[in-house]
Amino acid sequence: MRADIIKIIERKFGIPRKCFKDFSFIVRAEKIWMVSKSVNEKDLNNLKIEAIGMLFGRYFENEKRFKPTTNALQIFGKFAKKNIINITDEELKKYLSGFDINKKADVENGFVIIKHREDIIGCGLYKDGVIKNQIPKHKRKIIGES
Amino acid sequence: MNRDVVIPADFKARYAKILGKENKKFLKFCKMPLRKSIRINTLKADPDKIVERLKERGWKLQKMPWFEFGYFVKTDEEITSSLEFFLGYIYTQEASSMLPVLALSPEKNDFILDMTAAPGSKTTQMAQIMENKGCIVANDNDIYRIKALRYNIETLGVLNTVVTRMDGVYFKNIKERFDRVLIDAPCSAEGNVRKSWNVLSRWSVNLIKHISEIQKRLICAGIECLKKDGVLVYSTCTLAPEENEGVIDYALKKYDNVFVEDFGLSGFKTRPGLLEWGGMKYDDQIRNCKRIWPQDNDTQGFFIARLRKK
């Protein structure tokens with residue numbers, strides 16, 4: 001499964017596989033978690049575990065589609081080479097408030113990386129000139145108050 | 001500007017016993033709002049670049065002498081509404097709340113227990129120092145607080161944690177497993193009065209006594225699950241001796257295989273732990289504990305003890 005996940009990310013965003021060498025993936029149904037490999041070396045017996053590491057993304061088997069989380073892209077998006085959409089100051093404000101953006105971009109339809117200047121903002125869903133907002137609702141609220 | 005705060009007479013009287021004439025200054029500081037402070041999260045951001053971009057926006061930043069990634073800030077912006085906060089480049093954390101982790105001095109490949117971790121300020125600070133290596137078990141027993149913990153862990157790009165939901169006392173059953181243990185214990189939160197006036201509205205000596213019993217159980221559990229030669233840091237954001245020196249003294253009497261270590265907090269004024277209170281004489285080692293009074297560094301009040309297991 002690890003190899004499959006890395007292959008998908010490499011093909012979709014051009015993020016080199018070496019970026020993931022220090023991390024393990026844990027798959028639970030469609031959810032994929034990422035954790036530092038050093039965690040695997042520790043004795044976790046008899047602990048009531050709620051979560052390990054960070055939610056990295058979801059893989060929808062039926063649609064053969066992988067959706068990375070905003071948090072994951074904020075870490076690894078800086079290594080991406082393709083399917084990146086740069087947005088303007090005005091578009092950033094709109095996007096962080098939860099709105100979609102009309103913008104034609106030279107990217108594949110599907111999940112893309114949203115970038116503003118040097119910052120990786122997160123994930124977007126691009127289809128035919130529209131970026132569908134993927135910022136989690138609880139995060140939008142914070143920015144919406146600014 | 002001082003707030004319209006009514007301080008309970010019992011509270012004033014207790015600290016007059018410790019501080020004497022200085023009590024007036026202490027009570028004055030209790031009424032003053034806290035300075036805003038942030039930690040720059042090096043797991044996601046380059047500190048120099050962040051300082052530069054915040055300054056360009058008119059933020060005034062003053063580096064904390066005791067922690068290279070801690071800054072006092074002055075800005076008209078709401079920090080938690082900033083883009084940098086959204087991106088996890090910065091995190092709001094009170095200055096003295098950064099100290100327990102410095103006392104613990106985590107190392108990259110350590111196996112660490114943060115027994116009462118939510119909302120995750122210290123867990124994420126440790127992860128930053130450990131550069132996402134090793135492993136931190138970030139525990140809490142409250143599902144709602146765990147949600148906040150998980151949110152902060154993910155937003156700050158922390159990848160070396162295991163979040164657990166257990167009563168901290170349960171760790172007494174896990175013998176000698178962790179290299180380091182942090183117990184930032186639930187407390188009467190007197191030191192938080194500058195942040196929230198509600199702290200004193202529910203304050204009572206009975207509450208202090210009740211909480212100190214819980215704290216004693218937690219520190220015993222922490223000692224049990226600590227490896228030999230491991231370090232345990234016990235901290236509270238209260239100044240009540242029953243919850244601080246009283247708890248450490250209890251642990252020293254119960255366990256002859258732990259001792260209190262001195263530790264440095266360069267650039268931060270601290271005072272030694274009290275050696276007596278309420279007719280009780282405490283172990284001499286307790287002078288190695290650190291009391292942090294609000295008036296000494298213009299921060300919230302805190303108490304920190306560093307224990308080592310023989």
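In what follows, chains carry the letters A, B, and so on, assigned in the order in which the sequence lines appear, proteins first and then strands, with residues in each chain numbered from 1.
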Could you go through residues 141-150 of chain B and list every donor-acceptor pair under 3.5 Å that involves a side-chain atom there, pairing it with any protein atom two or more places apart or in another chain?
from, atom 1, to, atom 2, distance (Å)
D142(B), OD1, Y144(B), N, 2.7
D142(B), OD1, R145(B), N, 3.1
R145(B), NH2, A118(B), O, 2.6

Under 3.5 Å donor-acceptor pairs involving side-chain atoms of residues 6-17 of chain A, not counting sequence neighbours:
from, atom 1, to, atom 2, distance (Å)
E10(A), OE1, R17(A), NE, 3.1
E10(A), OE1, R17(A), NH2, 2.9
K12(A), NZ, F111(A), O, 3.4

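Both the backbone and the side chain of I121(A) have a heavy atom closer than 4.5 Å to some heavy atom of chain B. Of the two parts of N40(A), neither the backbone nor the side chain holds a non-hydrogen atom closer than 4.5 Å to a non-hydrogen atom of chain B. Only the side chain of I135(A) has a heavy atom closer than 4.5 Å to any heavy atom of chain B. When heavy atoms are compared at a cutoff of 4.5 Å, D140(B) does not approach chain A at all.
Counting heavy-atom pairs closer than 4.5 Å to chain A, the top-ranked of the candidates G88(B), G134(B), A45(B) is G134(B). Most heavy-atom pairs under 4.5 Å with chain A, from the set R53(B), E77(B), E78(B): that is R53(B).
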Q | Verdict with supporting geometry, Y170(B) and N46(A), side-chain hydrogen bond (donor to acceptor under 3.5 Å, both in side chains) | A | CA-CA 10 Å; Y170(B) 174 86; N46(A) 303 319; 5.0 Å; no

Q: For the pair F56(A) and L159(B), evaluate side-chain contact (heavy atoms from CB on, under 4.5 Å) and give the outcome as yes or no after the intermediate values.
A: CA-CA 10 Å; F56(A) 185 76; L159(B) 292 161; over 6 Å; no

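Counted within 6.0 Å of NZ on K82(A), heavy atoms from surrounding residues, nucleotides or ligands total more than 12; the atom is thus considered enclosed. Taking a 6.0 Å sphere around NZ of K18(A), one finds it holds 12 or fewer heavy atoms contributed by other residues, nucleotides or ligands. Within a 6.0 Å radius of NZ in K67(A), more than 12 heavy atoms belonging to other residues, nucleotides or ligands are found. Atom CZ of R117(A) has 12 or fewer heavy atoms from other residues, nucleotides or ligands within 6.0 Å. In the displayed structure, E118(A) atom CD is contacted under 6.0 Å by at most 12 heavy atoms of other residues, nucleotides or ligands. Counting heavy atoms of neighbouring residues, nucleotides and ligands inside a 6.0 Å radius, atom NZ of K37(A) exceeds 12 of them. No more than 12 heavy atoms of other residues, nucleotides or ligands sit less than 6.0 Å from atom NZ of K127(A). Around the CG atom of N45(A), the shell of radius 6.0 Å holds more than 12 heavy atoms that belong to other residues, nucleotides or ligands.
Across all their heavy atoms, K42(A) and C135(B) have their closest contact at CG-CB, 3.5 Å. Residue I174(B) comes nearest to L47(A) through the heavy atom pair CD1-CD2, 3.5 Å, listed as atom of the first residue, atom of the second, then distance. Contact detail for V158(B) and M54(A): the closest heavy-atom pair is O-CB, 4.2 Å.
In this structure, CZ in F86(B) is found 5.5 Å from CD in Q74(A), a value given to the nearest 0.5 Å. Rounding to the nearest 0.5 Å places CD1 of I49(A) at 8.5 Å from CE of M166(B). N132(B) contributes atom CG, which lies 7.0 Å from atom CD1 of I75(A) (distance to the nearest 0.5 angstrom). In this structure, the separation between NZ on K93(A) and CG on L83(B) is 12.5 Å, given to the nearest 0.5 Å. One finds the OG atom of S38(A) at 11.0 Å from the NZ atom of K108(B) (value rounded to the nearest 0.5 Å).
Remark: side-chain polar atoms of R177(B) are paired, donor with acceptor, to backbone N or O of D43(A) under 3.5 angstrom. Between the S36(A) side chain and the K133(B) main chain, no donor and acceptor come within less than 3.5 Å of each other. Formation of a donor-acceptor pair under 3.5 Å by the E154(B) side chain with backbone atoms of L55(A) is found in this model.
Side-chain contact between T161(B) and V35(A) is absent, with no heavy atoms from C-beta onward closer than 4.5 Å. Between L87(B) and D119(A) there is a side-chain heavy-atom pair separated by less than 4.5 Å.
Remark: K139(A) qualifies as a cation-pi partner of Y151(B) under the 6.0 Å distance and 45° angle criteria applied to the six-membered ring.
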